[in-house]
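Quick notes on the structure that follows.
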Protein chains: 2
Amino acid sequence: MTESAPAGSQRALRRDAARNRERLLAAARQLFADHGFDVTLDEVAHRAGVGVGTAYRRFANKGELLDALFSEQTAEMAAAADTALTDPDPWHGLVTYLEMSLALQLRDKGLAQIVSGDRVGVEQHDWNRQVMAPKNRAIVARARDAGVLRDDVTGTDLTFVQVGLNAILARSRGAHPDLYRRYLHLLLDGLRAEPGTPTPLPVAALTSDETHAVMGPPITPGTARG
Amino acid sequence: MTESAPAGSQRALRRDAARNRERLLAAARQLFADHGFDVTLDEVAHRAGVGVGTAYRRFANKGELLDALFSEQTAEMAAAADTALTDPDPWHGLVTYLEMSLALQLRDKGLAQIVSGDRVGVEQHDWNRQVMAPKNRAIVARARDAGVLRDDVTGTDLTFVQVGLNAILARSRGAHPDLYRRYLHLLLDGLRAEPGTPTPLPVAALTSDETHAVMGPPITPGTARG
DNA sequence: ACCTGAACACCGTTCAAGT
DNA sequence: ACCTGAACACCGTTCAAGT
(Lines give C-alpha, C1' and ligand atoms only; values in the text may rest on other atoms or scores of the structure.)
Protein backbone atom coordinates (compact mmCIF):
# COMPACT_ATOMS: atom_id res chain seq x y z
CA MET A 1 0.00 0.00 0.00
CA THR A 2 1.86 3.08 -1.24
CA GLU A 3 -0.13 6.27 -0.96
CA SER A 4 2.26 8.33 -3.08
CA ALA A 5 0.61 7.98 -6.49
CA PRO A 6 -2.59 10.03 -6.92
CA ALA A 7 -5.01 7.34 -8.09
CA GLY A 8 -5.27 7.16 -11.86
CA SER A 9 -2.24 9.10 -13.06
CA GLN A 10 1.22 7.81 -12.26
CA ARG A 11 4.51 9.34 -13.20
CA ALA A 12 6.41 7.48 -15.92
CA LEU A 13 8.95 4.97 -14.66
CA ARG A 14 12.64 5.51 -15.05
CA ARG A 15 13.93 3.65 -18.07
CA ASP A 16 15.70 0.89 -16.15
CA ALA A 17 12.67 0.46 -13.91
CA ALA A 18 10.33 0.16 -16.85
CA ARG A 19 12.60 -2.41 -18.44
CA ASN A 20 12.78 -4.44 -15.25
CA ARG A 21 9.02 -4.33 -14.99
CA GLU A 22 8.71 -5.77 -18.49
CA ARG A 23 11.26 -8.45 -17.74
CA LEU A 24 9.39 -9.44 -14.61
CA LEU A 25 6.12 -9.68 -16.50
CA ALA A 26 7.70 -11.73 -19.27
CA ALA A 27 9.24 -14.13 -16.78
CA ALA A 28 6.03 -14.41 -14.81
CA ARG A 29 3.95 -14.90 -17.93
CA GLN A 30 5.86 -17.97 -18.94
CA LEU A 31 6.35 -19.45 -15.48
CA PHE A 32 2.73 -18.96 -14.45
CA ALA A 33 1.42 -20.47 -17.69
CA ASP A 34 3.47 -23.61 -17.14
CA HIS A 35 3.31 -24.02 -13.41
CA GLY A 36 0.46 -21.87 -12.15
CA PHE A 37 0.59 -19.71 -9.11
CA ASP A 38 2.94 -21.89 -7.13
CA VAL A 39 6.11 -20.60 -8.72
CA THR A 40 8.39 -18.79 -6.34
CA LEU A 41 8.86 -15.07 -6.67
CA ASP A 42 12.54 -15.79 -6.35
CA GLU A 43 12.29 -17.90 -9.47
CA VAL A 44 10.46 -15.17 -11.35
CA ALA A 45 12.96 -12.54 -10.24
CA HIS A 46 15.90 -14.76 -11.07
CA ARG A 47 14.58 -15.54 -14.54
CA ALA A 48 13.98 -11.84 -15.04
CA GLY A 49 17.54 -11.15 -13.95
CA VAL A 50 16.64 -8.88 -11.05
CA GLY A 51 16.54 -9.12 -7.27
CA VAL A 52 13.39 -10.09 -5.40
CA GLY A 53 13.17 -6.66 -3.90
CA THR A 54 12.66 -5.19 -7.34
CA ALA A 55 9.59 -7.32 -7.83
CA TYR A 56 8.15 -5.93 -4.63
CA ARG A 57 8.96 -2.40 -5.69
CA ARG A 58 6.75 -2.82 -8.77
CA PHE A 59 4.03 -5.05 -7.39
CA ALA A 60 2.46 -5.01 -3.95
CA ASN A 61 2.70 -8.77 -3.69
CA LYS A 62 2.73 -11.97 -5.67
CA GLY A 63 -0.98 -11.68 -6.38
CA GLU A 64 -0.61 -8.25 -7.91
CA LEU A 65 2.05 -9.49 -10.26
CA LEU A 66 -0.26 -12.20 -11.50
CA ASP A 67 -2.94 -9.57 -11.60
CA ALA A 68 -0.89 -7.48 -13.99
CA LEU A 69 -0.83 -10.42 -16.39
CA PHE A 70 -4.57 -10.64 -16.13
CA SER A 71 -5.28 -7.82 -18.54
CA GLU A 72 -3.47 -9.58 -21.37
CA GLN A 73 -5.30 -12.76 -20.72
CA THR A 74 -8.67 -11.23 -20.16
CA ALA A 75 -8.27 -9.71 -23.58
CA GLU A 76 -8.44 -13.21 -24.98
CA MET A 77 -11.40 -14.05 -22.79
CA ALA A 78 -13.17 -10.91 -23.95
CA ALA A 79 -12.46 -11.80 -27.56
CA ALA A 80 -14.03 -15.20 -27.01
CA ALA A 81 -17.10 -13.53 -25.55
CA ASP A 82 -17.35 -11.14 -28.49
CA THR A 83 -17.15 -14.03 -30.89
CA ALA A 84 -20.05 -15.61 -29.07
CA LEU A 85 -22.08 -12.42 -29.28
CA THR A 86 -21.70 -12.17 -33.05
CA ASP A 87 -22.51 -15.80 -33.66
CA PRO A 88 -25.72 -15.97 -35.69
CA ASP A 89 -26.83 -18.95 -33.61
CA PRO A 90 -27.13 -17.82 -29.95
CA TRP A 91 -26.94 -21.35 -28.58
CA HIS A 92 -23.88 -22.17 -30.63
CA GLY A 93 -22.42 -18.87 -29.45
CA LEU A 94 -22.91 -19.80 -25.81
CA VAL A 95 -21.41 -23.23 -26.31
CA THR A 96 -18.35 -22.04 -28.16
CA TYR A 97 -17.81 -19.27 -25.63
CA LEU A 98 -17.58 -21.77 -22.81
CA GLU A 99 -15.49 -24.09 -24.95
CA MET A 100 -13.06 -21.34 -25.89
CA SER A 101 -12.89 -19.94 -22.42
CA LEU A 102 -12.06 -23.29 -20.90
CA ALA A 103 -9.63 -24.09 -23.69
CA LEU A 104 -7.74 -20.89 -22.86
CA GLN A 105 -7.66 -21.94 -19.25
CA LEU A 106 -6.34 -25.32 -20.26
CA ARG A 107 -3.45 -23.63 -22.02
CA ASP A 108 -2.65 -21.27 -19.18
CA LYS A 109 -2.69 -22.60 -15.66
CA GLY A 110 -2.35 -19.13 -14.20
CA LEU A 111 -5.39 -17.91 -16.11
CA ALA A 112 -7.34 -20.90 -14.84
CA GLN A 113 -6.50 -20.01 -11.27
CA ILE A 114 -7.56 -16.43 -11.87
CA VAL A 115 -10.89 -17.28 -13.48
CA SER A 116 -11.77 -19.69 -10.73
CA GLY A 117 -11.08 -16.96 -8.21
CA ASP A 118 -8.26 -18.86 -6.55
CA ARG A 119 -5.84 -16.01 -6.39
CA VAL A 120 -6.43 -12.56 -7.68
CA GLY A 121 -5.36 -9.05 -7.04
CA VAL A 122 -7.74 -6.16 -6.77
CA GLU A 123 -7.50 -4.00 -9.85
CA GLN A 124 -8.04 -6.40 -12.70
CA HIS A 125 -10.78 -8.12 -10.83
CA ASP A 126 -12.78 -4.94 -11.06
CA TRP A 127 -12.06 -4.89 -14.74
CA ASN A 128 -13.33 -8.42 -14.93
CA ARG A 129 -16.48 -7.34 -13.24
CA GLN A 130 -17.01 -4.32 -15.43
CA VAL A 131 -16.14 -5.95 -18.72
CA MET A 132 -16.74 -9.65 -18.49
CA ALA A 133 -19.87 -9.64 -16.36
CA PRO A 134 -21.89 -7.57 -18.87
CA LYS A 135 -20.68 -9.81 -21.69
CA ASN A 136 -21.80 -12.85 -19.75
CA ARG A 137 -25.17 -11.27 -19.22
CA ALA A 138 -25.49 -10.42 -22.90
CA ILE A 139 -24.57 -13.93 -24.02
CA VAL A 140 -27.13 -15.40 -21.68
CA ALA A 141 -29.82 -12.88 -22.57
CA ARG A 142 -29.39 -13.51 -26.26
CA ALA A 143 -29.74 -17.26 -25.88
CA ARG A 144 -32.65 -16.88 -23.52
CA ASP A 145 -34.49 -14.47 -25.80
CA ALA A 146 -34.05 -16.90 -28.66
CA GLY A 147 -35.82 -19.47 -26.52
CA VAL A 148 -32.96 -21.95 -26.56
CA LEU A 149 -31.76 -21.38 -22.99
CA ARG A 150 -33.99 -22.04 -19.99
CA ASP A 151 -35.30 -18.77 -18.70
CA ASP A 152 -34.20 -19.09 -15.09
CA VAL A 153 -30.53 -18.90 -16.02
CA THR A 154 -28.60 -15.66 -15.53
CA GLY A 155 -25.23 -14.22 -16.45
CA THR A 156 -23.73 -15.00 -13.07
CA ASP A 157 -24.46 -18.66 -13.66
CA LEU A 158 -21.78 -18.68 -16.34
CA THR A 159 -19.26 -17.65 -13.72
CA PHE A 160 -20.05 -20.51 -11.40
CA VAL A 161 -20.30 -22.98 -14.23
CA GLN A 162 -16.74 -22.06 -15.04
CA VAL A 163 -15.68 -22.40 -11.43
CA GLY A 164 -17.02 -25.92 -11.37
CA LEU A 165 -15.62 -27.00 -14.71
CA ASN A 166 -12.35 -25.40 -13.85
CA ALA A 167 -11.98 -27.61 -10.81
CA ILE A 168 -12.46 -30.65 -13.00
CA LEU A 169 -9.99 -29.22 -15.48
CA ALA A 170 -7.44 -28.62 -12.76
CA ARG A 171 -7.64 -32.23 -11.59
CA SER A 172 -7.58 -33.89 -14.99
CA ARG A 173 -5.46 -31.53 -17.07
CA GLY A 174 -2.40 -33.70 -16.83
CA ALA A 175 -3.63 -37.12 -17.87
CA HIS A 176 -6.94 -36.31 -19.59
CA PRO A 177 -6.82 -32.74 -20.85
CA ASP A 178 -10.24 -32.74 -22.48
CA LEU A 179 -12.25 -34.54 -19.83
CA TYR A 180 -13.83 -31.28 -18.71
CA ARG A 181 -15.69 -31.16 -22.02
CA ARG A 182 -17.67 -34.20 -20.96
CA TYR A 183 -19.09 -32.34 -18.00
CA LEU A 184 -19.51 -29.13 -19.90
CA HIS A 185 -21.80 -30.89 -22.37
CA LEU A 186 -23.61 -32.77 -19.65
CA LEU A 187 -24.32 -29.43 -18.07
CA LEU A 188 -25.29 -27.83 -21.36
CA ASP A 189 -27.98 -30.46 -21.70
CA GLY A 190 -29.31 -29.20 -18.39
CA LEU A 191 -29.29 -25.63 -19.64
CA ARG A 192 -31.43 -26.15 -22.71
CA ALA A 193 -34.93 -24.70 -22.72
CA GLU A 194 -36.41 -27.71 -24.46
CA PRO A 195 -34.05 -30.60 -23.90
CA GLY A 196 -35.57 -33.28 -26.09
CA THR A 197 -33.25 -36.28 -26.22
CA PRO A 198 -29.77 -35.97 -24.67
CA THR A 199 -26.87 -35.03 -26.93
CA PRO A 200 -24.05 -37.58 -27.30
CA LEU A 201 -21.14 -36.56 -25.11
CA PRO A 202 -17.91 -35.53 -26.85
CA VAL A 203 -15.58 -37.32 -24.44
CA ALA A 204 -15.73 -40.75 -22.85
CA ALA A 205 -15.97 -41.19 -19.08
CA LEU A 206 -12.82 -42.27 -17.29
CA THR A 207 -12.50 -45.81 -16.08
CA SER A 208 -12.32 -46.46 -12.38
CA ASP A 209 -8.55 -46.90 -12.57
CA GLU A 210 -8.06 -43.69 -14.49
CA THR A 211 -10.20 -41.83 -12.01
CA HIS A 212 -8.22 -43.18 -9.12
CA ALA A 213 -5.01 -42.11 -10.78
CA VAL A 214 -6.33 -38.62 -11.36
CA MET A 215 -7.72 -38.25 -7.85
CA GLY A 216 -4.73 -39.96 -6.31
CA PRO A 217 -2.66 -38.34 -3.57
CA PRO A 218 -0.90 -35.34 -5.02
CA ILE A 219 1.45 -35.08 -2.07
CA THR A 220 3.99 -37.86 -1.86
CA PRO A 221 5.10 -38.35 1.75
CA GLY A 222 8.00 -36.09 2.57
CA THR A 223 7.52 -33.79 -0.40
CA ALA A 224 4.74 -31.67 1.07
CA ARG A 225 5.11 -27.99 0.43
CA GLY A 226 4.20 -25.01 2.60
CA MET B 1 8.58 -44.05 5.64
CA THR B 2 9.27 -46.40 8.54
CA GLU B 3 9.85 -49.97 7.47
CA SER B 4 9.68 -51.40 10.98
CA ALA B 5 6.02 -52.44 11.10
CA PRO B 6 5.20 -55.55 9.06
CA ALA B 7 2.36 -54.30 6.89
CA GLY B 8 -1.06 -55.11 8.33
CA SER B 9 -0.31 -56.00 11.94
CA GLN B 10 1.09 -53.37 14.24
CA ARG B 11 2.00 -53.74 17.87
CA ALA B 12 -0.32 -52.01 20.32
CA LEU B 13 0.71 -48.51 21.35
CA ARG B 14 1.90 -47.73 24.81
CA ARG B 15 -0.93 -46.28 26.86
CA ASP B 16 0.30 -42.69 26.86
CA ALA B 17 1.02 -42.88 23.13
CA ALA B 18 -2.47 -44.16 22.39
CA ARG B 19 -3.96 -41.38 24.45
CA ASN B 20 -1.90 -38.78 22.67
CA ARG B 21 -2.97 -40.18 19.35
CA GLU B 22 -6.61 -39.82 20.34
CA ARG B 23 -6.05 -36.29 21.55
CA LEU B 24 -4.39 -35.37 18.28
CA LEU B 25 -7.25 -36.81 16.28
CA ALA B 26 -9.82 -35.03 18.42
CA ALA B 27 -8.02 -31.72 18.04
CA ALA B 28 -7.57 -32.21 14.32
CA ARG B 29 -11.16 -33.25 13.84
CA GLN B 30 -12.48 -30.02 15.20
CA LEU B 31 -9.88 -27.71 13.70
CA PHE B 32 -10.10 -29.25 10.24
CA ALA B 33 -13.88 -29.13 10.21
CA ASP B 34 -13.85 -25.42 10.98
CA HIS B 35 -10.84 -24.24 9.04
CA GLY B 36 -10.00 -26.95 6.54
CA PHE B 37 -6.54 -28.12 5.78
CA ASP B 38 -4.81 -24.85 6.40
CA VAL B 39 -4.57 -25.22 10.14
CA THR B 40 -1.07 -25.46 11.46
CA LEU B 41 0.21 -28.70 12.88
CA ASP B 42 1.51 -26.62 15.72
CA GLU B 43 -2.03 -25.51 16.44
CA VAL B 44 -3.28 -29.09 16.37
CA ALA B 45 -0.50 -30.27 18.63
CA HIS B 46 -0.98 -27.36 21.00
CA ARG B 47 -4.71 -27.95 21.27
CA ALA B 48 -4.02 -31.62 21.85
CA GLY B 49 -1.58 -30.68 24.58
CA VAL B 50 1.44 -32.38 23.03
CA GLY B 51 4.57 -31.31 21.18
CA VAL B 52 4.72 -31.20 17.39
CA GLY B 53 7.20 -34.01 17.34
CA THR B 54 4.59 -36.31 18.82
CA ALA B 55 2.30 -35.63 15.89
CA TYR B 56 5.07 -36.69 13.54
CA ARG B 57 5.74 -39.81 15.54
CA ARG B 58 2.15 -40.95 14.95
CA PHE B 59 1.55 -39.65 11.45
CA ALA B 60 3.96 -39.47 8.56
CA ASN B 61 2.89 -35.94 7.75
CA LYS B 62 0.03 -33.50 7.91
CA GLY B 63 -1.78 -35.28 5.10
CA GLU B 64 -1.70 -38.59 6.94
CA LEU B 65 -3.25 -37.04 10.00
CA LEU B 66 -6.13 -35.73 7.94
CA ASP B 67 -6.19 -39.11 6.29
CA ALA B 68 -6.77 -40.78 9.62
CA LEU B 69 -9.87 -38.68 10.09
CA PHE B 70 -11.05 -39.78 6.70
CA SER B 71 -12.34 -43.13 7.84
CA GLU B 72 -14.78 -41.56 10.26
CA GLN B 73 -16.03 -39.21 7.64
CA THR B 74 -16.17 -41.70 4.85
CA ALA B 75 -18.41 -43.72 7.09
CA GLU B 76 -20.96 -40.95 6.78
CA MET B 77 -20.45 -40.79 3.04
CA ALA B 78 -20.88 -44.53 2.78
CA ALA B 79 -24.06 -44.31 4.83
CA ALA B 80 -25.41 -41.71 2.43
CA ALA B 81 -24.62 -44.01 -0.48
CA ASP B 82 -26.35 -46.93 1.21
CA THR B 83 -29.41 -44.83 1.80
CA ALA B 84 -29.45 -44.05 -1.91
CA LEU B 85 -29.18 -47.72 -2.79
CA THR B 86 -32.18 -48.68 -0.70
CA ASP B 87 -34.36 -45.86 -1.97
CA PRO B 88 -37.30 -47.38 -3.84
CA ASP B 89 -36.99 -44.62 -6.45
CA PRO B 90 -33.56 -44.91 -8.11
CA TRP B 91 -33.60 -41.34 -9.39
CA HIS B 92 -34.60 -39.96 -6.02
CA GLY B 93 -31.84 -42.10 -4.52
CA LEU B 94 -29.23 -40.61 -6.83
CA VAL B 95 -30.40 -37.07 -6.13
CA THR B 96 -30.46 -37.44 -2.36
CA TYR B 97 -27.08 -39.15 -2.41
CA LEU B 98 -25.51 -36.15 -4.08
CA GLU B 99 -27.46 -33.78 -1.85
CA MET B 100 -26.39 -35.58 1.31
CA SER B 101 -22.82 -35.98 0.21
CA LEU B 102 -22.46 -32.30 -0.57
CA ALA B 103 -24.29 -31.32 2.61
CA LEU B 104 -21.72 -33.30 4.60
CA GLN B 105 -18.98 -31.48 2.78
CA LEU B 106 -20.63 -28.19 3.57
CA ARG B 107 -20.50 -29.06 7.24
CA ASP B 108 -16.91 -30.22 7.19
CA LYS B 109 -14.40 -28.22 5.26
CA GLY B 110 -11.75 -30.87 5.71
CA LEU B 111 -14.00 -33.53 4.24
CA ALA B 112 -14.72 -31.28 1.28
CA GLN B 113 -11.03 -30.93 0.59
CA ILE B 114 -10.58 -34.67 0.80
CA VAL B 115 -13.45 -35.52 -1.53
CA SER B 116 -12.30 -33.04 -4.12
CA GLY B 117 -8.88 -34.63 -4.04
CA ASP B 118 -7.16 -31.49 -2.79
CA ARG B 119 -5.13 -33.11 -0.12
CA VAL B 120 -5.16 -36.74 0.77
CA GLY B 121 -2.94 -39.35 2.26
CA VAL B 122 -2.47 -42.74 0.76
CA GLU B 123 -4.18 -45.34 2.88
CA GLN B 124 -7.73 -44.05 3.14
CA HIS B 125 -7.74 -43.08 -0.46
CA ASP B 126 -7.45 -46.73 -1.34
CA TRP B 127 -10.34 -47.39 0.96
CA ASN B 128 -12.27 -44.73 -0.85
CA ARG B 129 -11.53 -46.47 -4.08
CA GLN B 130 -12.50 -49.87 -2.84
CA VAL B 131 -15.62 -48.87 -0.99
CA MET B 132 -17.01 -45.69 -2.49
CA ALA B 133 -16.27 -46.36 -6.13
CA PRO B 134 -18.38 -49.56 -6.23
CA LYS B 135 -21.21 -47.78 -4.43
CA ASN B 136 -21.07 -45.00 -6.99
CA ARG B 137 -21.21 -47.55 -9.78
CA ALA B 138 -24.18 -49.29 -8.17
CA ILE B 139 -26.11 -46.06 -7.69
CA VAL B 140 -25.54 -45.12 -11.30
CA ALA B 141 -26.34 -48.61 -12.61
CA ARG B 142 -29.59 -48.73 -10.71
CA ALA B 143 -30.79 -45.42 -12.09
CA ARG B 144 -29.63 -46.29 -15.56
CA ASP B 145 -31.34 -49.66 -15.53
CA ALA B 146 -34.55 -47.98 -14.43
CA GLY B 147 -34.29 -45.84 -17.54
CA VAL B 148 -34.24 -42.55 -15.65
CA LEU B 149 -30.53 -41.79 -16.10
CA ARG B 150 -28.99 -41.31 -19.52
CA ASP B 151 -27.15 -44.45 -20.49
CA ASP B 152 -23.77 -42.90 -21.25
CA VAL B 153 -23.20 -41.93 -17.63
CA THR B 154 -20.89 -44.01 -15.43
CA GLY B 155 -19.96 -44.26 -11.78
CA THR B 156 -16.80 -42.22 -12.21
CA ASP B 157 -18.94 -39.35 -13.44
CA LEU B 158 -20.28 -38.97 -9.91
CA THR B 159 -16.76 -38.34 -8.70
CA PHE B 160 -16.11 -35.52 -11.11
CA VAL B 161 -19.55 -34.06 -10.63
CA GLN B 162 -18.64 -33.76 -6.98
CA VAL B 163 -15.31 -32.21 -7.79
CA GLY B 164 -17.03 -29.52 -9.81
CA LEU B 165 -19.79 -28.82 -7.33
CA ASN B 166 -17.30 -28.84 -4.54
CA ALA B 167 -15.37 -26.01 -6.13
CA ILE B 168 -18.56 -23.96 -6.26
CA LEU B 169 -19.28 -24.92 -2.67
CA ALA B 170 -15.81 -23.87 -1.58
CA ARG B 171 -16.22 -20.43 -3.13
CA SER B 172 -19.73 -19.73 -1.91
CA ARG B 173 -19.89 -21.54 1.42
CA GLY B 174 -19.41 -18.40 3.41
CA ALA B 175 -21.99 -16.03 2.02
CA HIS B 176 -24.35 -18.37 0.16
CA PRO B 177 -24.06 -21.84 1.67
CA ASP B 178 -26.68 -23.48 -0.52
CA LEU B 179 -25.80 -22.00 -3.88
CA TYR B 180 -24.17 -25.25 -4.97
CA ARG B 181 -27.63 -26.81 -5.05
CA ARG B 182 -28.56 -24.58 -7.94
CA TYR B 183 -25.82 -26.09 -10.06
CA LEU B 184 -26.43 -29.57 -8.80
CA HIS B 185 -29.98 -29.42 -10.05
CA LEU B 186 -29.00 -27.75 -13.29
CA LEU B 187 -26.67 -30.65 -13.84
CA LEU B 188 -29.23 -33.21 -12.79
CA ASP B 189 -31.46 -31.95 -15.56
CA GLY B 190 -28.62 -32.77 -17.93
CA LEU B 191 -28.36 -36.27 -16.49
CA ARG B 192 -31.95 -37.31 -17.06
CA ALA B 193 -32.65 -39.93 -19.71
CA GLU B 194 -35.80 -38.19 -20.88
CA PRO B 195 -35.52 -34.57 -19.82
CA GLY B 196 -38.93 -33.23 -20.73
CA THR B 197 -39.37 -29.72 -19.38
CA PRO B 198 -36.69 -28.34 -17.04
CA THR B 199 -37.27 -28.63 -13.29
CA PRO B 200 -37.52 -25.39 -11.31
CA LEU B 201 -34.22 -24.72 -9.57
CA PRO B 202 -34.19 -24.86 -5.77
CA VAL B 203 -31.96 -21.82 -5.28
CA ALA B 204 -31.92 -18.41 -6.95
CA ALA B 205 -28.95 -17.22 -8.97
CA LEU B 206 -26.70 -14.67 -7.34
CA THR B 207 -26.85 -11.07 -8.45
CA SER B 208 -23.85 -9.56 -10.13
CA ASP B 209 -22.85 -7.83 -6.92
CA GLU B 210 -23.13 -10.97 -4.87
CA THR B 211 -21.07 -12.85 -7.40
CA HIS B 212 -18.40 -10.23 -7.34
CA ALA B 213 -18.28 -10.38 -3.58
CA VAL B 214 -17.95 -14.14 -3.63
CA MET B 215 -15.29 -14.17 -6.32
CA GLY B 216 -13.53 -11.17 -4.88
CA PRO B 217 -9.87 -11.21 -3.93
CA PRO B 218 -9.41 -13.63 -1.06
CA ILE B 219 -5.93 -12.32 -0.31
CA THR B 220 -5.90 -8.85 1.18
CA PRO B 221 -2.60 -7.15 0.38
CA GLY B 222 -0.04 -7.96 3.02
CA THR B 223 -1.92 -10.92 4.45
CA ALA B 224 -0.85 -13.50 1.91
CA ARG B 225 0.16 -16.81 3.41
CA GLY B 226 2.86 -19.25 2.35
C1' DA C 1 14.36 6.69 -7.69
C1' DC C 2 15.65 2.50 -7.92
C1' DC C 3 18.33 -1.87 -7.03
C1' DT C 4 20.05 -5.63 -4.16
C1' DG C 5 20.31 -9.33 -1.05
C1' DA C 6 20.36 -10.29 3.70
C1' DA C 7 16.92 -10.68 7.29
C1' DC C 8 12.40 -11.78 9.21
C1' DA C 9 8.02 -14.39 9.81
C1' DC C 10 5.69 -18.52 9.05
C1' DC C 11 5.00 -23.34 8.66
C1' DG C 12 6.14 -28.21 7.53
C1' DT C 13 9.42 -31.59 8.98
C1' DT C 14 13.51 -33.58 11.45
C1' DC C 15 16.37 -34.87 15.20
C1' DA C 16 19.32 -34.66 19.48
C1' DA C 17 18.53 -34.92 24.16
C1' DG C 18 15.66 -36.31 27.79
C1' DT C 19 12.16 -39.70 30.36
C1' DA D 1 9.25 -46.49 23.28
C1' DC D 2 7.98 -42.25 23.45
C1' DC D 3 8.11 -37.15 24.32
C1' DT D 4 9.79 -32.47 23.62
C1' DG D 5 11.19 -28.31 21.54
C1' DA D 6 14.96 -26.35 19.21
C1' DA D 7 16.68 -26.44 14.51
C1' DC D 8 16.31 -26.64 9.49
C1' DA D 9 14.31 -25.79 4.84
C1' DC D 10 11.31 -23.11 2.20
C1' DC D 11 8.94 -19.12 0.64
C1' DG D 12 6.54 -14.60 1.00
C1' DT D 13 7.69 -10.02 2.37
C1' DT D 14 10.51 -6.14 4.29
C1' DC D 15 14.26 -3.06 4.75
C1' DA D 16 19.04 -1.14 5.41
C1' DA D 17 22.66 -0.09 2.55
C1' DG D 18 24.27 0.97 -1.89
C1' DT D 19 24.02 3.38 -6.86
Side-chain angles (χ1 to χ4, degrees), chain A residues 1-5 10-24 27-28 31-32 35-67 118-119 121 217-226, chain B residues 1-2 4-5 10-24 27-28 31-32 35-67 118-121 217-226:
Chain A
M1 287 286 118
T2 58
E3 64 285 281
S4 55
Q10 38 220 5
R11 197 193 298 268
L13 291 174
R14 225 168 62 179
R15 227 200 271 98
D16 55 345
R19 198 203 36 176
N20 283 340
R21 198 189 126 95
E22 280 318 307
R23 285 191 182 175
L24 279 164
L31 289 172
F32 279 150
H35 308 292
F37 197 77
D38 53 347
V39 287
T40 297
L41 258 199
D42 275 329
E43 294 177 77
V44 174
H46 180 256
R47 172 181 267 259
V50 302
V52 226
T54 305
Y56 279 95
R57 175 152 263 271
R58 290 294 140 246
F59 307 98
N61 52 44
K62 202 178 165 187
E64 293 294 329
L65 173 54
L66 181 51
D67 208 31
D118 254 18
R119 304 264 192 168
I219 40 173
T220 51
T223 316
R225 282 275 193 96
Chain B
M1 288 285 117
T2 58
S4 55
Q10 41 220 1
R11 195 193 301 265
L13 292 174
R14 223 166 65 178
R15 226 199 272 97
D16 55 345
R19 198 202 37 177
N20 284 340
R21 197 190 125 95
E22 280 318 306
R23 284 189 181 176
L24 280 164
L31 290 173
F32 280 150
H35 307 291
F37 198 77
D38 52 349
V39 288
T40 297
L41 259 198
D42 275 328
E43 294 178 76
V44 174
H46 180 256
R47 173 182 268 260
V50 303
V52 226
T54 304
Y56 280 95
R57 175 152 263 270
R58 290 291 141 249
F59 307 97
N61 52 44
K62 202 179 166 186
E64 293 295 329
L65 173 53
L66 181 52
D67 208 32
D118 254 18
R119 304 262 195 171
V120 209
I219 41 172
T220 52
T223 316
R225 283 274 194 97

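Worth knowing before you read on, the calculation uses all heavy atoms, side chains too, and leaves out hydrogens, waters and symmetry mates. Throughout, a chain's letter reflects where its sequence line sits, starting with A, and its residues are numbered from 1.
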Take atom CG of L41(A) and atom P of dC8(C), then tell me their distance rounded to the nearest Å.
20 Å

Look at all strands and tell whether R58(A) reaches a base, only sugar-phosphate, or nothing, counting heavy atoms closer than 4.0 Å.
sugar-phosphate

Among dC2(D), dT4(C), dT13(C), which nucleotide sits nearest the side chain of V50(A)?
dT4(C)

Measure from CZ on R23(B) to P on dC2(D) and round the result to the nearest Å.
16 Å

When rounded to the nearest 0.5 angstrom, what distance separates CZ in R57(B) from CG in N20(B)?
11.5 Å

My understanding is that a pair needs two contacts under 3.5 Å, Watson-Crick or G-U wobble. By that rule, which nucleotide pairs with dG12(D)?
dC8(C)

Taking atom C1' of dC10(C) as reference, at what distance in whole Å does atom CG of D42(B) sit?
10 Å

Nucleotide nearest Y56(A) (side chain, heavy atoms from C-beta), chosen from dC3(C), dC2(D), dT13(D)
dT13(D)

Answer for the Watson-Crick or wobble partner of dA17(C), both distances under 3.5 Å, is none

DNA chain C: A18(A) or V52(B), which has the more 5' nearest nucleotide?
A18(A)

Tell me what V44(A) touches on the nucleic acid: a base, only sugar-phosphate, or nothing, going by heavy atoms under 4.0 Å.
nothing

Distance-minimising heavy-atom pair for V44(A) and A27(A)
O-CB, 3.6 Å

Base paired to dC3(D) (Watson-Crick or G-U; both N/O distances under 3.5 angstrom):
none

When we call it a touch if two heavy atoms are under 4.0 Å apart, what does N20(B) touch: a base, just sugar-phosphate, or nothing?
sugar-phosphate

Between dT13(D), dC11(C), dC2(D), spot the one nearest the side chain of T40(B), thanks.
dC11(C)

Please state how far atom CG in D16(A) lies from atom P in dT4(C), giving the value in whole angstrom units.
9 Å

Kindly point out which of dC2(C), dC3(D), dT4(C) is positioned nearest to the side chain of T54(A)?
dT4(C)

Test item: K62(B) side-chain N/O and V39(B) main-chain N/O as donor-acceptor pair under 3.5 Å:
yes

Any side-chain N or O of R57(A) under 4.0 Å from OP1/OP2 of dC2(C)?
yes

Rounded to whole Å, please give me the gap between CZ in R15(A) and P in dT19(D).
22 Å

Quick one: pull up CG in L66(B) and CG in N61(B) and give me the separation to the nearest 0.5 Å.
10.0 Å

Can you tell me how far apart CG (L31(B)) and CZ (F37(B)) are? Round to the nearest 0.5 Å.
13.0 Å

Applying a 4.0 Å non-hydrogen cut-off, can you work out what R21(B) is touching in the nucleic acid: base, sugar-phosphate, or nothing?
nothing

For D38(B) and dC10(C), give me the distance from atom CG to atom P, rounded to whole Å.
16 Å

Atom pair distance, as rounded to whole Å: CD in E43(B) and P in dT13(C):
15 Å

Hey, what do you get for CZ (F59(B)) to CG (D67(B)), rounding to the nearest 0.5 Å?
10.0 Å

Whole-Å distance separating the NZ atom of K62(B) from the P atom of dA9(D):
21 Å

